[in-house]
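Atoms considered below: every heavy atom in the structure, side chains included; atoms not considered: hydrogens, waters and symmetry mates. Lettering of chains follows the sequences in order, A, B, ..., and the numbering in each one begins at 1.
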2 protein chains.
Amino acid sequence: MASIPYREQVLRLREDAIVEAVNRLLVSKGYELMTVDGVAAEAGLSKASLYKHFSSKEELAAAAMTRLLERAIAQVAEQRTQASQADARAQLETLVRWTLKVQLAGEMPSLPAANSRLTAALRANRNYTDRLIELSDLLGKWIVAAQGEGALDAVLPPEVILYTLYARACDPVLAVLKASGQHDEADIVEWLVRSTFQGIGAAVKIAPCAASSGR
Amino acid sequence: MASIPYREQVLRLREDAIVEAVNRLLVSKGYELMTVDGVAAEAGLSKASLYKHFSSKEELAAAAMTRLLERAIAQVAEQRTQASQADARAQLETLVRWTLKVQLAGEMPSLPAANSRLTAALRANRNYTDRLIELSDLLGKWIVAAQGEGALDAVLPPEVILYTLYARACDPVLAVLKASGQHDEADIVEWLVRSTFQGIGAAVKIAPCAASSGR
DNA sequence: GTCTATACCCGGATAGAC
DNA sequence: GTCTATCCGGGTATAGAC
């Protein structure tokens with residue numbers, strides 16, 4: 001036995017607790033307003049100890065984002081096992097629905113796109129970049145397949161669709177609608193899935209062939 | 001004469017220069033990383049003088065956002081004078097195109113949605129809230145009209161469409177695509193307009209009536 | 001109203017004992 | 001590895017002379 005040393009298990013548990021604390025603070029305050037002191041307090045250890053695990057604030061954020069990517073990859077893997085979903089477009093819809101539910105659950109961290117220091121640190125983080133590429137490859141296959149089947153707009157380059165899906169995963173519209181408190185959460189999810197795939201334009205009415213009405 | 005005192009004109013010019021400096025810094029660094037020192041340097045005056053015009057960093061951001069709303073309202077007004085655009089949906093498309101061009105020109109400031117101090121300051125700023133309501137009313141009329149004409153999805157509540165339009169005005173997808181440097185800017189704009197109104201799903205092909213081809 | 005200089009505080013990171 | 005205590009840069013805001 002002794003396959004995994006006890007010490008290491010404790011380490012893992014602690015680091016998981018830290019990353020979850022980071023996640024909560026990223027959700028509630030955002031990256032810039034998240035303080036390392038706050039993370040330490042939330043995770044229940046001192047700041048100095050925290051720095052033994054993660055060497056900088058950027059590393060903390062990278063760990064949280066890596067965990068998010070891992071969750072997404074796991075979700076993709078799980079969807080693949082369910083043979084009920086044959087076509088690629090349905091898979092992508094399910095995935096979008098999943099990201100919206102993660103948002104609703106208050107578990108979706110989002111980082112500022114403009115902070116060059118942070119983005120540089122992310123690009124330098126192999127754990128993060130490897131996962132990002134892995135997920136993008138998985139989604140890219142679905143996207144191309146769906147376009148081939150005529151289920152996704154073939155006019156749009158696959159990367160445009162990919163980035164759009166990433167953007168919808170942290171779209172502020174959901175937070176605003178939820179904050180207004182005037183709608184059922186299930187409705188919000190359906191509206192956003194609909195607007196992502198069909199846009200805000202009217203669904204095209206297929207008029208009877210005999211006579212085309214004047215709109 | 002002397003309708004407007006000379007002093008006041010100078011004041012206005014100076015404050016305009018300040019607001020434009022704020023705008024540039026909000027675009028390049030974002031709110032949190034924008035420093036008041038930086039604004040003062042960019043606008044060409046000292047920090048202490050700057051505080052004689054604007055009482056806080058939040059007020060600076062509010063002034064920049066107010067100016068953006070004024071630009072948008074002016075754009076709406078201008079579109080209305082052009083009788084070439086009859087229907088409401090076309091008006092909204094034109095407006096989205098305008099927001100994307102503002103983004104491409106590097107003139108679109110965007111604030112973090114999570115910063116409660118800042119959002120509280122914005123809500124307390126009449127100049128800002130009045131303009132926001134004014135713009136929302138204008139857009140709301142177009143949205144409802146377009147839905148009535150069957151040109152916008154009537155399933156979506158008007159506010160969902162409104163918030164979606166606001167969100168697309170600062171959608172990170174454009175920045176990412178632009179940064180990749182692999183596409184023409186005009187193409188990017190068209191793709192994003194398309195995905196906003198038609199979604200990423202395939203455009204419905206209207207097959208000839210006689211015989212529907214197998215895709 | 002503009003400047004220089006500074007008060008004040010906060011946050012990231014580290015030292016050094018245990 | 002964990003803690004307490006501290007360093008230090010930098011950011012907001014202000015004082016006070018001109």
Whole angstrom value for the distance that separates [atom2] of [N] from [atom1] of [X]:
X: B:D37; N: C:dA5; atom1: CG; atom2: C1'; value: 13 Å
X: A:E59; N: C:dG12; atom1: CD; atom2: C1'; value: 14 Å
X: B:M34; N: D:dG11; atom1: CE; atom2: P; value: 12 Å
X: B:F54; N: D:dA13; atom1: CZ; atom2: C1'; value: 16 Å
X: B:L60; N: D:dG11; atom1: CG; atom2: P; value: 15 Å
X: B:L118; N: D:dG11; atom1: CG; atom2: P; value: 18 Å
X: B:L33; N: D:dG9; atom1: CG; atom2: C1'; value: 15 Å

Reckon B:S55 touches a base, only the sugar-phosphate, or nothing at all at heavy-atom distances under 4.0 Å?
nothing

Stepwise side-chain hydrogen bond (donor to acceptor under 3.5 Å, both in side chains) test for A:E107 and A:N23:
CA-CA 7 Å; A:E107 296 169 0; A:N23 209 74; over 6 Å; no

Heavy-atom distance under 4.5 Å between the side chains of [X] and [Y], does that happen here?
X: B:V160; Y: A:S195; answer: no
X: B:T164; Y: A:W191; answer: no
X: A:T99; Y: A:R168; answer: no
X: B:L152; Y: B:W142; answer: no

Among B:L100, B:L104, B:L177, the one residue meeting side chain to side chain contact (heavy atoms under 4.5 Å, CB included) with B:E185
B:L104

Nearest to the side chain of B:Y51 - D:dG1, D:dG11, D:dT14?
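Among D:dG1, D:dG11, D:dT14, the one nearest the side chain of B:Y51 is D:dT14.
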
Nearest of C:dA13, D:dT12, C:dT2 to any side-chain atom of B:H53?
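Per side-chain heavy atoms of B:H53, the pick is C:dT2.
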
Dump the pairs, protein N or O against N or O of nucleotides 3-5 of chain D, anything under 3.5 Å, distances to one decimal.
residue, atom, partner, partner atom, Å
D:dC3, OP2, A:S46, N, 2.7
D:dC3, OP2, A:S46, OG, 3.1
D:dC3, OP2, A:S49, OG, 2.8

